[in-house]
Amino acid sequence: MALDPICGMKVDEQTALFLETNGITHYFCSIHCREKFFKIHRNLEPVRGSEQTQALYTCPMHPEIKHAGPVDCPKCGMHLEPLNPGMSETEEDSHLIKLLSLKFWIGLSLTLILMLFMLAEMLGIQSLQSFSASKLFVLIQFILATPVVLWCGNTFFIKAWKSFLNKNLNMFSLIALGIGASYGYSSVAVFFPNIFPDTLKKMGKIDLYFEAAAAITVLVLLGQLMEAKARHLTSQAITALFKYAAKNAHRIVNNEEEDVLIEALAKGDLLRVRPGEKVPLDGIIIEGKSNIDESMISGEPMPLSKKTGDRVIGATINQTGTFLMRVEKIGAQTLLAQIIDLVLKSQRSRAPIQKTADRVSSYFVPTVVLISTLTFVIWAVWGPEPRLSHALINAIAVLIIACPCALGLATPMSIMVGVGIGAQSGILIKNAEIIEQAEKITHLFTDKTGTLTEGSPKVTACITDTGSTETELISLAASLEQNSEHPLARAIVEFCQNQHAVFQPVQNFESITGEGIQGNIADKIVLIGKRRFIEKQGIEIPTSIEQKSAQWQNKQETSVWVSSNRKVIGAFAISDPIKETTPEAIKALHTMGLKIIMLTGDNHKTAEALGRRLKIDEIHAELNPKDKQDFIKKYKEKGAIIMMAGDGINDAPALAQADIGIAMGTGTDVAIESAGITLVHGDLRGIVKALRLSRSVMKNIRQNLFFAFIYNTCGIPIAAGILYPFFGILLSPAIAAAAMSLSSVSVIWNSLNLRKIRL
């Protein structure tokens with residue numbers, strides 16, 4: 001046995017996570033402790049280890065880029081972000097913001113002094129007239145500008161150099177060319193003024209552009225700082241979820257209570273949760289009841305009543321009662337961990353609309369360099385004196401104002417903010433493509449049980465055929481149904497238990513998805529399921545039970561048939577009440593222009609009664625999973641763009657077939673895995689919110705792209721000097737840098753405004 005170096009727990013060396021560094025092997029009880037070890041001992045180089053020994057980082061604009069450290073993206077030059085959900089709130093993030101902030105304020109201070117010198121000279125202040133012509137004044141400009149350009153803006157040159165080496169020109173390529181040209185030209189003019197022709201000299205001296213180089217650097221730094229802070233803001237919802245997680249728990253062992261860290265818990269552990277405490281992990285209440293605040297997971301403010309047998313979610317808050325729970329999921333299996341992982345992956349995914357921006361950007365930078373070169377040549381050959389000075393300034397202005405950073409930010413910023421908003425509202429979006437697709441939805445297909453209804457069915461009555469007893473019926477039904485996970489099965493088992501059913505051993509149990517179940521009990525072949533399932537076996541339905549079943553169906557109650565040795569011995573009536581929020585959601589979806597179609601495995605009469613009450617456009621009943629999938633295929637062939645909502649295993653094929661699958665968070669893991677969107681609260685109003693979110697995000701992206709394109713479309717000709725022949729206006733590089741930064745700020749500000757939308 002070894003000790004975890006972080007939490008001190010004893011761990012088995014044969015099965016524990018391990019990491020070897022410099023001849024020393026460290027053993028860990030969990031990934032959490034191993035990651036904390038990495039943060040403390042950053043200088044250690046791992047030689048080998050179990051699973052991944054280093055944290056991976058990825059680019060927010062190019063998710064295919066992954067690296068084992070926080071370096072710059074080889075494509076766009078952006079700082080890579082941690083891929084591991086457990087590292088979303090890292091010290092690297094804070095360090096980057098602090099460093100950018102420090103560089104910005106130092107650069108701004110020195111640049112303002114430069115600007116004051118230039119302003120005083122332009123205004124003709126007498127005390128500076130003679131000083132400005134001196135070599136000392138020129139040298140002071142160089143001294144003030146050098147730390148701004150070479151220290152504050154050093155990352156721009158590093159990223160630009162990498163872009164040339166990797167043959168992936170990006171916004172930093174243009175920035176570095178612009179700043180480097182103005183600073184380099186001015187520096188040469190300071191130390192080697194005699195190499196310049198007289199045509200570049202005014203009143204015996206050469207114009208210097210140190211203030212332009214410094215101003216451009218500071219303005220770009222401001223944009224980078226705002227972008228870093230904006231990305232930090234978009235991840236606050238995820239950061240908050242991490243902070244909500246419980247740190248320890250009260251474990252019950254041999255009727256004694258002990259306090260342990262969450263990392264020490266295992267599946268099956270019994271925990272006591274008191275009022276005011278956080279639920280440690282996902283599990284089931286086995287004793288007691290309480291009201292639990294699940295708002296941080298579902299976005300719903302009202303606490304939910306929980307009792308024995310109900311599921312509870314880790315990190316939610318127990319409000320009133322004390323209860324015992326059994327741990328069902330730990331680590332990455334918990335809902336909280338899955339939410340964080342899903343949201344982070346979605347934020348890094350790319351919407352199809354971004355492909356347009358990417359294609360434009362791939363040709364944009366080389367085109368801008370060409371335009372800048374042509375601008376220099378045209379002004380140098382045909383421009384007014386001083387030609388070379390005008391040529392240099394206008395060429396630099398083109399490089400700076402055309403920086404495509406706003407274009408690169410337009411889609412990712414909106415996606416990051418939108419996905420975060422969805423997570424806070426209990427809407428988990430698998431990837432960015434789903435957001436774009438959801439805006440175009442024309443049809444909503446929906447299951448009935450657990451989607452339109454509560455999904456907590458109850459047996460309201462049972463009937464037996466002549467020659468059979470109720471005792472036999474409930475004993476056979478309870479024994480067979482206890483092997484099934486279907487909601488109707490649970491309802492029958494609960495009813496039979498209350499009737500003191502005698503459970504018998506079952507052999508050869510088989511579940512036929514969407515139909516029913518069968519098995520052998522005491523040498524009897526027992527079948528339970530739909531009427532169609534029973535009749536397929538050639539078993540006749542007794543008239544007395546058939547008449548009673550018709551009465552149940554008229555009251556929106558479902559009939560479940562039971563046969564033993566090829567003879568129907570009885571049936572159960574099961575009622576599943578409509579969710580209170582369903583009528584409101586259906587009305588809102590109709591208002592949004594969607595056609596709503598119900599696909600259910602239930603019988604026609606029950607489905608039609610429910611559909612009429614909810615004013616659903618089309619009702620298709622008695623369908624198996626393949627039938628549901630075929631219906632969606634048929635409508636898609638007609639041009640419909642389909643969203644499918646469901647919560648069961650039998651809905652998984654249809655969810656996968658639809659353009660967008662919507663899974664209720666209260667449903668099965670298979671349904672959730674097959675869906676593009678998961679509604680944590682299992683409320684149909686979540687679909688309305690998801691559609692509103694999609695439309696808002698796509699509108700925001702189009703606004704961002706407009707901002708980005710309009711600045712570049714109008715800015716490049718102006719920077720090249722197109723207005724000079726008509727109005728005598730030239731754009732200085734400093735003003736070009738301000739305009740470029742304004743375009744990025746506009747995109748960031750507009751994206752963050754998404755947080756104000758009400759779903």
Side-chain angles (χ1 to χ4, degrees), residues 1-4 6-18 27-34 50-51 85-86 244-275 277-290 292 294 297 304 306-318 321-341 481-487 489-490 493-494 497 503 505-506 509 649 665-673 680:
M1 300 293 285
L3 294 179
D4 187 307
I6 299 299
C7 67
M9 274 192 61
K10 290 182 179 180
V11 292
D12 185 350
E13 295 178 10
Q14 300 298 318
T15 57
L17 298 170
F18 72 92
Y27 295 93
F28 304 96
C29 68
S30 66
I31 293 176
H32 172 79
C33 284
R34 187 179 63 188
S50 54
E51 297 185 1
Y244 282 136
K247 301 294 187 294
N248 48 46
H250 312 300
R251 183 166 60 186
I252 307 298
V253 180
N254 298 326
N255 294 324
E256 292 187 5
E257 186 177 305
E258 60 178 5
D259 289 344
V260 296
L261 293 172
I262 294 296
E263 291 79 18
L265 296 176
K267 289 182 182 179
D269 282 352
L270 298 183
L271 309 178
R272 190 187 307 280
V273 185
R274 299 188 176 91
E277 294 180 341
K278 294 176 181 177
V279 177
L281 292 169
D282 296 7
I284 295 177
I285 296 178
I286 61 171
E287 182 182 310
K289 60 181 181 179
S290 182
I292 296 180
E294 295 186 350
I297 291 288
L304 299 177
K306 300 281 186 175
K307 62 184 186 303
T308 301
D310 287 343
R311 296 186 179 275
V312 289
I313 302 170
T316 56
I317 300 173
N318 180 30
T322 298
F323 60 85
L324 285 179
M325 62 170 286
R326 182 176 64 248
V327 175
E328 295 287 317
K329 294 181 180 180
I330 61 173
Q333 301 171 340
T334 63
L335 179 60
L336 178 62
Q338 290 176 2
I339 288 174
I340 293 169
D341 185 50
E481 291 283 22
Q482 69 176 337
N483 296 281
S484 173
E485 293 184 354
H486 196 282
R490 292 197 296 270
V493 171
E494 185 178 341
Q497 285 176 328
F503 287 83
V506 177
F509 175 83
I649 292 174
T666 51
T668 65
D669 291 341
V670 175
I672 292 172
E673 187 65 30
V680 173

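Just the heavy atoms: all of them, side chains too, but no hydrogens, waters or symmetry mates, feed the values below.
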If you round to the nearest 0.5 Å, how far is CZ of Arg326 from CD1 of Ile284?
-> 5.0 Å

Quick one: pull up NZ in Lys329 and NZ in Lys267 and give me the separation to the nearest 0.5 Å.
-> 8.5 Å

Quick one: list whatever passes side-chain contact (heavy atoms from CB on, under 4.5 Å) with Ile262, sequence neighbours left out.
-> Ala246, Ala249, Leu265, Pro280, Leu281

Taking Lys306 for the side chain and Arg311 for the main chain, is one N or O donor matched with an acceptor at less than 3.5 Å?
-> yes

Please tell me if the side chains of Thr322 and Ser290 come closer than 4.5 Å, counting only heavy atoms from C-beta onward.
-> no

Heavy-atom side-chain contact between Gln497 and Phe503 under 4.5 Å | yes

Please name the pair of heavy atoms, one in Arg251 and one in Leu271, separated by the smallest distance, quoted to 0.1 Å.
-> CA-CD2, 3.8 Å

Glu287, CD atom: more than 12 neighbouring heavy atoms under 6.0 Å = no

Validation row: Ile292, Phe323 side chains within 4.5 angstrom (heavy atoms) = yes

Are His250 and Asp259 side-chain neighbours, meaning at least one heavy-atom pair lies under 4.5 Å?
-> yes

Under the side-chain contact (heavy atoms from CB on, under 4.5 Å) test, residues paired with Ile252 that sit two or more places apart = Glu257, Leu270, Arg272, Leu324

